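Below you'll find the structure, written out as structure tokens, and then a few comments.
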Amino acid sequence: MKKEQDISELERKFQEKIDQDIKIEPKDWMPDNYRKTLIRQISQHAHSEVVGMLPEGNWITRAPNLRRKAVLLAKVQDEAGHGLYLYSATETLGADREDCIDDLHSGKAKYSSIFNYPTLTWADMGAVGWLVDGAAIMNQVPLCRCSYGPYARAMVKVCKEESFHQRQGYEIMMALAAGSVEQKEMAQDALNRFWWPSLMMFGPPDEDSKHTKQSMDWRIKRHSNDELRQMMVDITVPQAEAIGLTIPDADLKWNEEKGGYDYGEIDWDEFWNVVKGNGPCNKDRIDTRRKAKENGAWVREAANAHAEKRKARKLRRAS
Amino acid sequence: MHTRKKEKRENLEEHHKKYIMANKEWPLWEVFIRSKQGLSHKHVGSLRASDEVMAIENARDVYTRRSEGISIWVIESSNVFASSPDNADSLYDPANSKVYRHPTFYDVPDGIEHM
Ligand SMILES: [Fe+2]
Ligand SMILES: [Fe+2]
């Protein structure tokens, strides 16, 4: 009985801190569910950064010139860094990095479904940077004020780095859209394929989103999925118009009253189908990650052996 | 016969050791960066590395890709000891009652300068 009282008292104090926008730090008391929710969300976020390198890594060797290649390489390297900052944040919650990674490989953990679509042409590098990184930024900016300190700090660093990601993508689209007829078609085709999956990146509609309310109360989340999606549509439409591309949505219409665009129905069956593992590249992505871990076994082995040898040498010298 | 058995056992041991070495998780390191001359090192995050040399190399790649630092410290996380947040009140409260540690506690007449 006493114990229960203690916990409800701790929970009350915890919520009070959150309501006053005082950050929660790793060693502070937190409800089990807050910890679990964060581990699930942050590791999922980390996996998305890591798996997200694959569709773009696919084009590094085929970038059209040295400038584009250097840029793409730097962007993909940033994404690896983002994955690391995030795994680092999960470890402050008592999660184990390698366990998290194994959960990804076994299919127990999810990652953003957008990366289960293939990148078929060079224009897809433009669409991914512009739309996918654009949507990621939209999601990540409010996370800089998330109640959990290490996650918020990681997001500040990530957001600083993301801004060039989106710009380089838009620049690719702009160049193609201003190019030959074939190049413009290629850009339009990439936009057609990535538009809807990008809007799905914000997650299911609010009425079907089971985690939103609690996450909002805990200030892990600041805006609902639909709010973020609306913001994405409103800022992206003029960007497309500016370079002469057309958003592939016949129902898209400016709504004066709400001061935003109305947009067409999203195919949520497609979304759930890809989440469940039936997207065009789900299997390929996980196989690639799993193989990377297996093929890296000898490196981990050698590094461990080397570290032990050095330690032994040091000890011998000290004695 | 005897030597073959021994050989087999040695092979097994070798195999076992290899398995352990490939699966032993690299330790966790906390990373501190001095962003420029004149400032102290500040904690930026953590990473996994097999030893301090690799930890510094990785820290450079992970945390200083945009010239965020000119000096890196790494400390194995298991060597960091922290105060407990549960004792925060009793640990830091006494400071609140000692306002005389702050210069604003003292009266200085108007017209007195450089103090
Ligand atoms: Fe990223
Ligand atoms: Fe990015």
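Bear in mind the structure is a predicted one, so any value in this text is a computation, not a measurement. So that the names make sense, note that chain A is the first sequence line, chain B the second, and so on, each numbered from 1.
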task: List the steps, then state whether side chain to side chain contact (heavy atoms under 4.5 Å, CB included) holds for B:Leu28 with A:Arg97.
output: CA-CA 10 Å; B:Leu28 192 63; A:Arg97 191 171 308 202; 3.8 Å; yes

Give a yes or no on this: more than 12 heavy atoms of other residues, nucleotides or ligands lie within 6.0 Å of atom CZ of B:Arg34.
yes

Residues 286-319 of chain A vs ring-ring contact (aromatic ring centres under 6.0 Å, His included), sequence neighbours excluded, gives none

Does B:Glu25 form a side chain to side chain contact (heavy atoms under 4.5 Å, CB included) with A:Asp96? I'd like the steps, not just the answer.
CA-CA 10 Å; B:Glu25 209 166 339; A:Asp96 180 85; 3.1 Å; yes

Residue set satisfying side-chain contact (heavy atoms from CB on, under 4.5 Å) with A:Lys157, at least two apart, ordered chain then number -> A:Tyr85, A:Glu161, B:Tyr63, B:Glu68

Fill in: Within 6.0 angstrom of B:Lys98 NZ, more than 12 heavy atoms from elsewhere
yes

- Look at the side chain of A:Asn304 and the backbone N and O of B:Lys24, then say whether any donor-acceptor pair between them is shorter than 3.5 Å. yes

Bottom line for B:Arg66: the part with an atom under 4.5 Å from chain A's heavy atoms is side chain

Whatever's closer than 4.5 Å to a heavy atom in chain B on A:Gln77 counts as both

Here the gap from A:Glu91 atom CD to B:Leu47 atom CG, rounded to the nearest 0.5 Å, amounts to 10.0 Å

Heavy atoms of A:Gly81 and B:Arg65 approach each other most closely as CA-NH1, 4.1 Å

For A:Ala307 and B:Ser50, the nearest pair of non-hydrogen atoms, with its separation, is CB-O, 3.4 Å

request  = Applying side chain to side chain contact (heavy atoms under 4.5 Å, CB included), run through B:Glu52 and A:Arg310 and close with a yes or a no.
outcome  = CA-CA 11 Å; B:Glu52 72 280 7; A:Arg310 282 191 63 226; 2.9 Å; yes

Looking only at heavy atoms, the pair that brings B:Ser83 and A:Lys27 closest together is O-CD, 4.4 Å

task = Any chance you could lay out the salt bridge (charged side-chain N to carboxylate O under 4.0 Å, His left out) test for B:Arg48 and A:Glu98, step after step, and finish with the verdict?
result = CA-CA 10 Å; B:Arg48 296 267 176 181; A:Glu98 221 48 44; over 6 Å; no

